[in-house]
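The next block holds one structure in the form of structure tokens; read it before the comments.
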Amino acid sequence: MLGFAALKEGGAALVTLPIPEPAPYQALVRMRACGVCNGTDSKIIHHTFKLFDQYPTLLGHEGVGQVVRLGEKARRLRVGDLVLLPFVEGELAGFSSGWGAYCEYAVVWDLKAMLEDGVTPPDSAYAQTLLPPDMDPVDATMIVTFREVLSSIPRFHIESGETVVVYGAGPVGLSFVKFLKHRGCTVVSVDISDEKAERAKRFGADYAVNSTAVDVVAFVRDLFPQGVQSVVDAVGVNALLNEAMGLIADHGKICSYGISPKLEMNLSWAPAPYNWSLTFVQFPEKKEEAAQHEEVMEMIRTGELVPRDFISLVLPQGEIATAFDLVEQKKTDLKTVIEFRA
């Protein structure tokens, strides 16, 4: 099978691998689609992802696969099941697992069978959720982002009805807009173009501003003279944390979700009120992700959340290097998805 790996010497390439063998409580799946995550995958390729040094490594973590074979103790899954978050577990042919969902085949755990037999599942098993059989696998990749974002909101202690500034109107920032509006928050979206500002309004933002044309602090303070309760950095640019200091109200919260390749900064809290907090949530826990699944699916069922609205480009596995080039060159500003075509 083919997989996509970040290399020790830098860069990434398609590589040939053996098909993984499922353990007794696992099922082998054929991958159907996997989203491109600029916040994780690209940084691993460029050796700038915090605490990661296990090269060469197989990439991809926003995957959807279809069960093709069961391990000997896997009985609560069925061949043909569509499953979220398949991974390559452990080492495969000298490659470590950076989750590995860009491979043509991966595995999932049979969580229910393990719990029935008193076997302790790994954390990843809790998030490997069955999907409706008629769901488009390309659309389904967005559920990973939706669940990660939704699980971060309670971690940030953002309450219903707050006023929130969200930096970034890409797939993650727009997901924050959707879920914060769903919770009754007033949302100000900030990005670097008029086009993105207009798109954020279409996604539900109450206000949207192009930061290259408008003084963001003046704009927000004109709307909310006392400041806002929360600011979310969904981009991963450290300078935004400094700018956020001038936006928050007393006891306001600065919430860092975007992953910066730079792990230090000169942080000045001179513009901030006396009481404020800064929280980083950049590696959602799988159980917390899974706990958000039903809310996400209900919003999709009712049409409040349309996964395809967040996707701008779909390419086959053979063009994955092109996909990453386009993402890094910012030539596609919504989600790019790799589709595994038979």
Side-chain angles (χ1 to χ4, degrees), residues 4 12 14 31-46 59-65 84-85 99 101-102 131 135-150 166-182 187 189-205 208-212 232-237 257-259 296-297 299-300 303-341:
F4 190 63
L14 283 167
M31 294 304 301
R32 298 291 305 279
C34 186
V36 172
C37 179
N38 197 35
T40 300
D41 296 326
S42 291
K43 291 179 177 64
I44 292 176
I45 289 171
H46 296 297
L59 297 172
H61 68 277
E62 297 181 357
V64 175
L84 200 65
L85 286 181
W99 303 287
Y102 293 131
L131 297 169
M135 190 165 194
D136 186 321
V138 170
D139 290 352
T141 62
M142 280 305 308
I143 296 172
V144 180
T145 298
F146 295 153
R147 298 193 321 185
E148 289 178 349
V149 167
L150 190 55
V166 177
Y167 279 99
V172 170
L174 293 173
S175 297
F176 270 106
V177 170
K178 280 287 187 181
F179 293 126
L180 292 169
K181 288 302 299 175
H182 185 69
V187 179
S189 172
V190 181
D191 212 307
I192 59 171
S193 73
D194 290 337
E195 179 185 1
K196 290 183 177 181
E198 288 303 315
R199 183 169 61 207
K201 288 180 182 178
R202 293 196 300 271
F203 275 69
V209 60
N210 173 1
S211 62
T212 66
V232 175
D233 167 23
V235 182
V237 175
Y257 185 90
I259 300 175
V296 168
M297 295 305 296
M299 290 177 68
I300 291 173
E304 186 176 357
L305 197 59
V306 181
R308 188 63 64 141
D309 288 348
F310 294 76
I311 298 169
S312 58
L313 183 64
V314 181
L315 291 174
Q317 187 197 28
E319 296 182 34
I320 190 168
T322 299
F324 272 88
D325 287 343
L326 293 172
V327 169
E328 292 184 20
Q329 295 167 19
K330 302 188 184 302
K331 293 184 177 178
T332 171
D333 55 0
L334 290 176
K335 179 63 71 174
T336 295
V337 178
I338 301 304
E339 185 175 23
F340 295 80
R341 300 169 183 171

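For the salt bridge (Lys or Arg N to Asp or Glu O under 4.0 Å) test, no residue two or more places apart in sequence or in another chain qualifies with Asp233. Scored by the salt bridge (Lys or Arg N to Asp or Glu O under 4.0 Å) test, Asp309 finds no partners at all (sequence neighbours excluded). The side chain to side chain contact (heavy atoms under 4.5 Å, CB included) test applied to Thr145 returns Glu62, Met142, Val149, Val172, Ser175, Lys335, not counting sequence neighbours. Under the salt bridge (Lys or Arg N to Asp or Glu O under 4.0 Å) criterion, Arg202 pairs with no residue at all, not counting sequence neighbours. Every residue two or more places apart in sequence or in another chain that forms a side chain to side chain contact (heavy atoms under 4.5 Å, CB included) with Gln317 is listed here: Leu2, Leu14, Glu104, Ile338, Phe340.
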Report task. Evaluate the side-chain contact (heavy atoms from CB on, under 4.5 Å) criterion for residues Ile300 and Met135: first the C-alpha distance (whole Å), next the side-chain angles of each, then the deciding distance (0.1 Å), finally the verdict. Result -> CA-CA 11 Å; Ile300 291 173; Met135 190 165 194; 4.1 Å; yes
Report task. Show your working on salt bridge (Lys or Arg N to Asp or Glu O under 4.0 Å) between Asp191 and Arg199 and close with a plain yes or no. Result -> CA-CA 10 Å; Asp191 212 307; Arg199 183 169 61 207; over 6 Å; no
Donor-acceptor pairs under 3.5 Å, side chain of residues 323-331 to any protein atom, not counting sequence neighbours: which ones?
from	atom 1	to	atom 2	distance (Å)
Glu328	OE1	His46	NE2	2.9
Glu328	OE2	Ser42	OG	3.4
Glu328	OE2	His46	NE2	3.2
Gln329	OE1	Lys331	NZ	3.2

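Of all the heavy atoms in Phe4 and Ala12, the pair that sits closest is CZ-CB, 3.5 Å.
Expressed to the nearest 0.5 Å, how far SG of Cys37 lies from CH2 of Trp99 amounts to 8.5 Å. Here the straight-line distance linking atom CD of Glu198 with atom OG of Ser193 works out to 9.5 Å at 0.5 Å rounding.
No side-chain donor-acceptor contact under 3.5 Å links Tyr102 to the backbone of Ala33.
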